[in-house]
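In the text below, chain A, chain B and the rest are named by the order of the sequence lines, each starting its count at 1.
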There are 2 protein chains.
Amino acid sequence: MHRSPLHQEFILHFGEMGSRWGINRTVGQIYALLFISEEPLNAEQIVDSLGVSRSNVSMGLKELQVWNLVRLRHRPGDRRDYFATPDDMWEIVRTLIKERKKREIDPTLSKLRELGMQDSTNEVDRYAQSQIGELRELIELLTSWHDDLNRLETRQIVQLLQAGSKLRALIKTTGNIVKLPKGRNAGGRFQETDS
Amino acid sequence: MHRSPLHQEFILHFGEMGSRWGINRTVGQIYALLFISEEPLNAEQIVDSLGVSRSNVSMGLKELQVWNLVRLRHRPGDRRDYFATPDDMWEIVRTLIKERKKREIDPTLSKLRELGMQDSTNEVDRYAQSQIGELRELIELLTSWHDDLNRLETRQIVQLLQAGSKLRALIKTTGNIVKLPKGRNAGGRFQETDS
DNA sequence: CTGTTATTTCAGAAATTACTGAAATAATAG
DNA sequence: CTATTATTTCAGTAATTTCTGAAATAACAG
């Protein structure tokens, strides 16, 4: 299938960025292709457009479905699967954040809670335990904020972002609730250097 | 160097998560080790603790410095380099977000702007251009919001997060400014399916 | 059923990324 | 300067990830 230079450049860019986003090149390219295609595409059309193997496309589409980043569509009288990206771009952003949290944050939060259970009468572990506890609290705060955001509609989120300039105002309405970090190197045997 | 079971489990977990976070196992382990160590460590101590090669540690520390995730320290009369993680955990979070934005968002924003310049009198590119433009606007909005956040102090950010329940209130103070997405599949030749 | 088309699975090949040991470079003390 | 210690570089190897082609499975239509 022939693609315009604009399409090609867009698709190749998403392919190259794929590795930085934790997906592989083909998955990035498939997503880009669906994103700029007005009509849903079937696997064979994707193969033709990208020049990769049918099996690779099959696996890529499966991964995109696991990520909840594509929607399945069908034409009457056509039993092939067609794929499209969601229409609401902010839904895509929310999905991306949610899925990344699931993969990158949640397992660590579980592990931190698990490690926090261990009662370390052990003196060596005292500092480690306090660091682990602080990190867990930090992630829990971010997580609950994320949950709050996820209860909002697309329209509300956009409004919130556009109210960026009002951030400072909001802060003045809340008290100073939290203790600030204590700082390490109490004995002072080390010297700070450049950055 | 002997490490307690707590230390070991924490370090191994960060190593395993490394690949999901876009760093390799060794870099993840080095960071974890520094994070739970009360005193700064030198390269040799890291080698002993992790059981990897000296050169691997050297490369890992270099990468952590590129990411701005470690600080260099020195002891008087000792010319070896010592390393520590920043004391303020929220500074770490901010750094992580900033650096990931630099790697994962900024190049794509540049590319989208570049592609948006192309005047596509071409009919095929009309839809692609509108998608690219919408995506660019979305990223620009997120980016400027991120810039706003970065101007805040740690204390203010924590307060903002803890004010999560006040989000809805804030939204009521802002008008409905933005047009909502239009939706694809105008002709309606495709049928929606499951998820 | 049987034949045809669509999709998935999977073992091995290809490509990429991570790691090591050895050698080079850098920094400093004497 | 020379010897010693600290750090980096890098070519080759190991480990991991991605991709392909072939075979298996699934989903129909007739």
Every protein N/O lying under 3.5 Å from an N/O of nucleotides 2-4 of chain D:
none

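If you measure from atom CZ of B:Arg80 to atom C1' of C:dA26, you get 17 Å, rounded to the nearest angstrom. Counting to the nearest Å, the P atom of C:dT8 and the CZ atom of A:Phe83 are 7 Å from each other. In this structure, the CG atom of A:Asp78 is 13 Å from the C1' atom of D:dA27, given to the nearest Å. The distance between atom CD1 of B:Ile23 and atom C1' of C:dC19, rounded to the nearest whole Å, is 16 Å. A:Asn42 has its CG atom 16 Å from the C1' atom of D:dA27, to the nearest Å. Rounding to whole angstrom units, OH of residue A:Tyr82 and P of C:dA6 are separated by 9 Å. Distance CD (A:Gln65) to P (C:dT7): 11 Å, rounded to an integer number of Å. Note: NE2 (B:His74) to P (C:dA27) measures 11 Å, nearest angstrom.
For C:dT17, the OP1/OP2 oxygens have no side-chain nitrogen or oxygen of B:Asn24 closer than 4.0 Å. Here A:Ser58 does not reach the OP1 or OP2 of C:dT9: none of its side-chain N or O atoms lies under 4.0 Å away. Between A:Thr26 and D:dC19, a side-chain N or O to OP1/OP2 separation shorter than 4.0 Å is present. Listed pair A:Asn56 / D:dT18 fails the phosphate criterion, with no side-chain N or O lying under 4.0 Å from OP1 or OP2. When the side-chain nitrogen and oxygen atoms of B:Arg54 are compared with OP1 and OP2 of C:dT20, none of them lie within a distance under 4.0 Å. For the pair A:Lys62 and C:dT7, the criterion of a side-chain N or O lying under 4.0 Å from OP1 or OP2 is not met.
The environment of NZ in B:Lys101 is crowded: more than 12 heavy-atom neighbours from other residues, nucleotides or ligands sit within 6.0 Å.
Checked by atom type and distance alone, the side chain of A:Gln65 never pairs as donor or acceptor with a backbone atom of A:Gly60 at under 3.5 Å. Without hydrogens or angle criteria, B:Asp125 side chain to B:Ala128 main chain gives no donor-acceptor distance under 3.5 Å. Without hydrogens or angle criteria, A:Glu99 side chain to A:Arg94 main chain gives no donor-acceptor distance under 3.5 Å. Side-chain N or O atoms of B:Gln118 include none that pairs as donor or acceptor with a backbone N or O of B:Leu115 at under 3.5 Å. Using a distance-only test at 3.5 Å, with no hydrogens or angles considered, a donor-acceptor pair links the side chain of A:Gln131 to the main chain of B:Phe35.
For DNA chain D, none of the residues of residues 10-18 of chain B falls under the heavy-atom distance limit of 4.0 Å.
Taking every side-chain heavy atom of A:Ala43 into account, C:dT7 is the closest of D:dT20, C:dT7, C:dG21.
Between the OG1 atom of A:Thr85 and the CG atom of A:Leu33 there is a distance of 10.0 Å, given to the nearest 0.5 Å.
The base of D:dG21 lies outside donor-acceptor range of the side chain of A:Ser53, with no N or O pair under 3.5 Å.
Residues B:Arg73 and B:Pro40 come closest through the heavy atom pair CG-CG, 4.1 Å.
Using bins of under 30°, 30° to 60° and over 60° for the plane-to-plane angle, the ring pair A:Phe14/A:Trp21 lands in the perpendicular bin.
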